Every structure is written in structure tokens, then in C-alpha cells.
Amino acid sequence: MLAAASLPSVISIAVVVIATAIVGALGMRVSRTTSDFLVASRSVRPGLNAFAICGEYLSAGTFLGLAGLVMVFGIDMLWYPIGYTAGYVALLLFVAAPLRRFGAYTVAEFAQGRLADPSLRRLAALFTMVIGWLYLLPQMKGAGITLASVTGVPYWVGVVVVGVVVTANVAIGGMRGITYLQAFQYVVKALALSSATIILLSIASGRPASTGIGANPTFSEPRTITFSQPVDLIVSSPTAVRVTGTIDARTYDSSTVLEQGRRTIGAGTTISWERGSPVPEIDRGSATRGDNWERPFRSTGPNRSHPLYLSLSIIIGTVLGTMGLPHILVRFHTNPDGRATRRTILVVLVLLAVYYIWPIILGVIGRRFASDLLITGGTDAVVILLPGRLIGGLGGELLTGVLAAGAFAAFLSTSSGLLISVAGAIGHDLTSRGGVVGGVRRFRQGALIGGTVAVLIGLPSQRFAINVLVGWTFTIAASTFCPLLVLGIWWPKLSARGAAAAMIVGGGTASVAVLITMGGWPGALLDQPAAWTVPLAFAAAIAVSLRTPATVPPRVGSLLARMHTPETAR
Amino acid sequence: MNDKSKARVTVTHPRTLAPQREGTVRPALDLDESSPVNDLALRSLMQAQLRLSLLHALALAGLLLGAVVIAGSLDSLANRRLIGVPLVWIMLGGGLFVPLFLIARSYVTRVEALERRTQALLRGM
């Protein structure tokens, strides 16, 4: 069902999708060689590359997910954007320029070239695929819920649209086409978010303020919610409501008062709130209610007894995870030399800083003006829903359209970058058997396989929160590629066996941690196991390397020299 | 022009299993094949680079840890407000990005100076 009211959103999404397809098709005219496809023939200038990196990096996780997280959990979630940015400083200090100077196309190629072992290339390619597909899930989910929110079409439509456009684009244009595309999409995202936030903020600040910037939210208009599943609500003060259904095992069909404390709402129950009533929250076992939302390290509860640890582990997970994202690392190879990669990162830091402020503000506004999402749990869609809540009529629709367009730019650009990495891993690294490998045809086949798998696993992923999915990706990236790269670049004694041990131990423990959370261990939703899996991976690499000096590659000094001397000195 | 001349041709070298080496010029610094002097130059360059990186990593860790400690311990940051926004939100929501950038820029300036000095040294040899 396509509501007529959603026309501006449909048009703006269509414009972004079509523009993406056109830029991608133009990329075909300039992409001819494998080098074009994988690294744009290493000719991208720092400024352009920085825009492209940010276009690629700022995904559904920050466009939609960050606002939703801030809305629910408050200030402690600000460590995410800080960690996402600090990760680039760490990347600059330890990885970027040496990796570029080494001259490998992909992380998998680095593994093989640095440690002289073809099986390492396949292992690294395997994790490139795991990280790529896992990171594609939140993009697919974002596309699904965005299209569903603005048009009412089923969830799967958005997933398929993004999957098809991205696969076609990557298969046709490769990296050279995508550099311009992603730079363009950073601009779309940043303009959409900033303009919408400024408009929404000016409207929101004219509305009657509750206490604080977002503590103790109240309903900004009368609202009726039907609970399809049983849920525990925490009611902050006695609230007059109208209920049809069961509360605390008692059946109602009348006006009543929700008493303070925990209330169990039965499945199929409908509750109507008056304007100005305090908004109850889903019991998440965390005290993000009231003033605690606004203050650091207060999101405590039964499963959250160490909020300080939570914040520190968020920082560790995001910083180290950023160092191991294959689709970002490959972008540094598109710069002409190591010096240019460093310049690129400086620009990236500025572009990230001017971007992250907007989703944070939208999350705060969302807590006040779309607070019913705290009950229904659909906070990932808050950015898309806010204009409709604050501005009625055509103005709201237009602004929704702008935000939906920006969101689609985010899904498309991140997905494209990820699919390039996955396609490269399938088409080149995984299937290499010696001699001449790959070629454009293999890359395209890899893109087709990668895109199909991404859509297939994206369809059943609606139930996972976007930022939880992103968190898992960063955990696995941090536990596998971060130790491989840091030790490979700085430690001459790293052996092939040691590198394999790091990826297997780190990737293994991180994957188990992810699978346990996926199974639904409730208290671990926001946990970042990277805080212990990464040290474990480093320890494994060092211990095994020291025991297997025979698998340290020959001529390691020459390899290190290549990474650490400026190109002009060669 | 006939059809054949219009066809696009790949003119680059085919990809091989080994990572691509750029150019045929050997690195000026090469531990395995060059003189003890070069050996020493590379070691000292790598050590100096690592020292710079670790120093800035220390600053980065200090900044992040410091922010965690300050956010957690200074109640006045949460109580005092600037245009309605608690100071701690301003610090974490935007304020940290400035020192992050400064750390990065300081590293880039220093490491580039270091590499220029090394290059000058090599040319002098």
C-alpha cells in the first residue's frame, strides 16, 4: 500500500537511487582494468578520498542508529561517535601510511605479501567476507525500515532495492566509479542531516520544554499504542489511561490509572495516553529513566552494574574496530602515496566531527517529541519519523523526504564499499591458486554472489537493533585485522603461524561472543567483547610467533623497509 | 576507424599472486641487501617512527581516559548548562573532536619532518 502522503519521500529516495545508478554507470566508462576496479588505479587525491571515506564510513549505524541509541540510553552513547572518530587517529598512528606504502590491494593481500603464506590470504579473505556481510545487515535493515516507515511497503522491499542497486553498481563501476559516488553521498547525508536538524531544532525549541534537555519525557500529543507482544513497562508516576486488554493479568476495557512501578502488559493490549502524560519505558534492566539519562555512567541496572566498564569497552571496541574495517582500509590504497593517506585522515577527522553532532541532537529531540517509540521499541526509525511528529502537512513530508534521501545515501554508500571488499575477497583472494588470478570478470561474479547473500541474510534481520549489528562487526574487525595489521607493520618477529593464530583466536572468540548475544542474552545487548578478545588475539599472535620463528618470512627487513620509508626515498 | 580499433584494451600488467611492487626501484633502505649503514638508518627511522606513534597514542589514550574520568567525577559539568545544554553533553558531543584533531595534526607534522630528515641523510650518504 502506497500512501499518497509519502510522495515526497518516494521521489527523493528515487532521486538518490537513480543518481547512484547514473554515477555508477559513468564509472563504467572510466573503469577498465582490475586496478581501476579495486583501487581506482591509486590516483585519488586526499580531499576527494576523505569525502569518499566518510561517505563509506557513515552508515545506517550513525544516520539512524546513533539517534535511536541516544534517545534510549542518553549521554553514555556519546562514546560511540568519539570512538568512531578516535579510531581514525589510531589508524593514522599505526596503520595507514605503512599499509599504503606496502602496496597490497586488500588486507588479504597484505597478509600474504607480508608473511609469505598463501593460506593466510584465504583466511583473511574469509574474515573480510564475515565482516562485510555482518556489516551489510544493518544497512539492509535500515533500508527496509526506512522505506516501510515512509511508504508503508513491506520491510523486504527496501532490502531488495538496496541489494539490487548496490550489486549492479559495484559489478559495473568498481572502485573508480564508486569514489565519486561516495564523496557525493557524504555530501547528501551531511546536508540532509544538518538542514533537517536545524529546522527541527528551531521548531522543537519553540515548544514547551520539559525539565532538562530530554529527561522525563512526556507525550507531546495523545497517543494510542497496541502491544502485539507482552512487555514490561516501567511507569514513573500514576498515569490516567484508557486500556483495552490485560495489565498485570487483570483484564480492562475502561479508563484506569497505571500505578507507579513495573507493569506487565499482555499481548494484544491497547492503551491510550493523554497529552502531557509521562512516557513509561520498556524495562531493559537499565536505569536510563529520569535524570539518569542525562548524566554520565548512570545507566546501571541488574545486568549493567559497571557503567564505567561499558563506556571504556565502547571506546576500545570502536577505536580498534575502525582499524580493522576492510572496506575502509582498501580506500587508503586509492591514494597515490603514504603521505597522501595521512593528509586524507586529517580531512576525515574534520568531516566526521561536523557530521556526528546532528544525529545526537536528533536523538535528544526524539526523546521529547517521539517518546512513544521508547515503548514500541522502534527507535531506529526516530530520525525518519521526527519531521512528521513536529511538522504536520507538506512541510513535514518534504523534510521526511530529505532525511529519507540522506538515509538511502548512507545505506547505498556503505553497502557499496562493503560489497567491493566482499567481491574482491571472493573474486581474487579466496579463489587464488597461484599464477594470474582474478580479472574483472571474477570480480563481477564475486559482486553478484556477495550481493545475493547480503539480501538473503538481510531479510530475516529486522529484529536486531542497528547499532547492535554494527557493534558485532566492529568486534570481529578489531579482533582479527587490527592485530594482523599492527603486528605485521611494526613487529619483525611476527610469523605466519602467529598471524594465523591471531585471526583464529580473535575471530573465533569474537564470533562466539556475537553468536551468544545473537541468541538473545539480554544484558549483553550493548556489550563490546573487543575489550578482551583483542588482547587475547595479540597475545596469541605473540606467543605463537615466538614459538614458530621458522615461519617468519625471509627478507622481512626488506618488507619492513618498504612500509616504513617514504616513497620518494626509494 | 574500424571496429577493431575502437575496442578497449587492457594495457596494465595482469594481476599476479604476489602483491604489486611499485616501480622497479629497490628501496634505498633495505635491511637484507644493503650496507650496515643503511641497516642502521632503517632501524633508527623505524624506532623514531614508533616512538612518535606511541607518544601520540599515549596522548590519545590520556585524552579519552581523561574524558571518561572527568565526565564521571565532575558533577558541576552535568549541572551547569550552556543555553540549556549540560556542559558534559557539550564536552562529549563535540568538544573532544578538537583535541583529537590536534593530536592527529601534531603526529602528521612530526612524522613528515622525520621522514624528510631521513631522506636528506640518505642523499648525503
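For the numbers below, each heavy atom of this structure counts, side chains included, while hydrogens, waters and symmetry mates do not. This structure is a prediction, so every number in the text was calculated from the model and none was measured. Protein chains get the first letters and strands the later ones, always in sequence-line order, with residue 1 at the start of each.
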Part of Y107(B) within contact of chain A (heavy atom distance under 4.5 Å)
side chain
From the list L54(B), L50(B), L96(B), the residue making the most non-hydrogen contacts under 4.5 Å with chain A is L50(B)
Give me the atom names and distance for the closest heavy-atom approach of A71(B) to W79(A).
CB-CZ2, 4.4 Å
Please check this pair: side chain of E115(B) against backbone of T565(A), looking for a donor-acceptor N/O pair closer than 3.5 Å.
no
CH2/W490(A) to CE/M46(B) distance, rounded to the nearest 0.5 angstrom?
6.0 Å
Got a second to check how far H564(A)'s NE2 is from R43(B)'s CZ, nearest 0.5 Å?
12.5 Å
Of all heavy-atom pairs between G74(A) and W89(B), which one has the smallest distance, and what is that distance?
C-CH2, 4.0 Å
Measure the CZ-CZ distance between R343(A) and R105(B) for me, rounded to the nearest 0.5 Å.
10.5 Å
Does any heavy atom of chain A fall under 4.5 Å from the side chain of L52(B), the backbone, both, or neither of them?
neither
Where A57(B) and L93(A) come nearest, the two heavy atoms and their spacing
N-CD1, 3.4 Å
Given that the side chain runs from C-beta out, which part of L60(B) has a heavy atom under 4.5 Å from chain A: side chain, backbone, both or neither?
side chain
Under 4.5 Å heavy-atom distance to chain A, tell me which part of L92(B) shows up: side chain, backbone, both or neither.
both
Measuring from atom CG of L64(B) to atom CG of L312(A), what distance do you get when rounded to the nearest 0.5 angstrom?
9.5 Å
Donor-acceptor contacts, no H, no angles, side chain residues 346-365 of chain A, under 3.5 Å, sequence neighbours left out:
{"unit_1": "W358(A)", "atom_1": "NE1", "unit_2": "V354(A)", "atom_2": "O", "d": "2.9"}

Hey, mind stepping through V108(B) and I345(A) against side chain to side chain contact (heavy atoms under 4.5 Å, CB included) and telling me if it holds?
CA-CA 10 Å; V108(B) 170; I345(A) 289 183; over 6 Å; no
Once you round to the nearest 0.5 Å, how far does CZ of F94(A) lie from NE2 of H56(B)?
11.0 Å
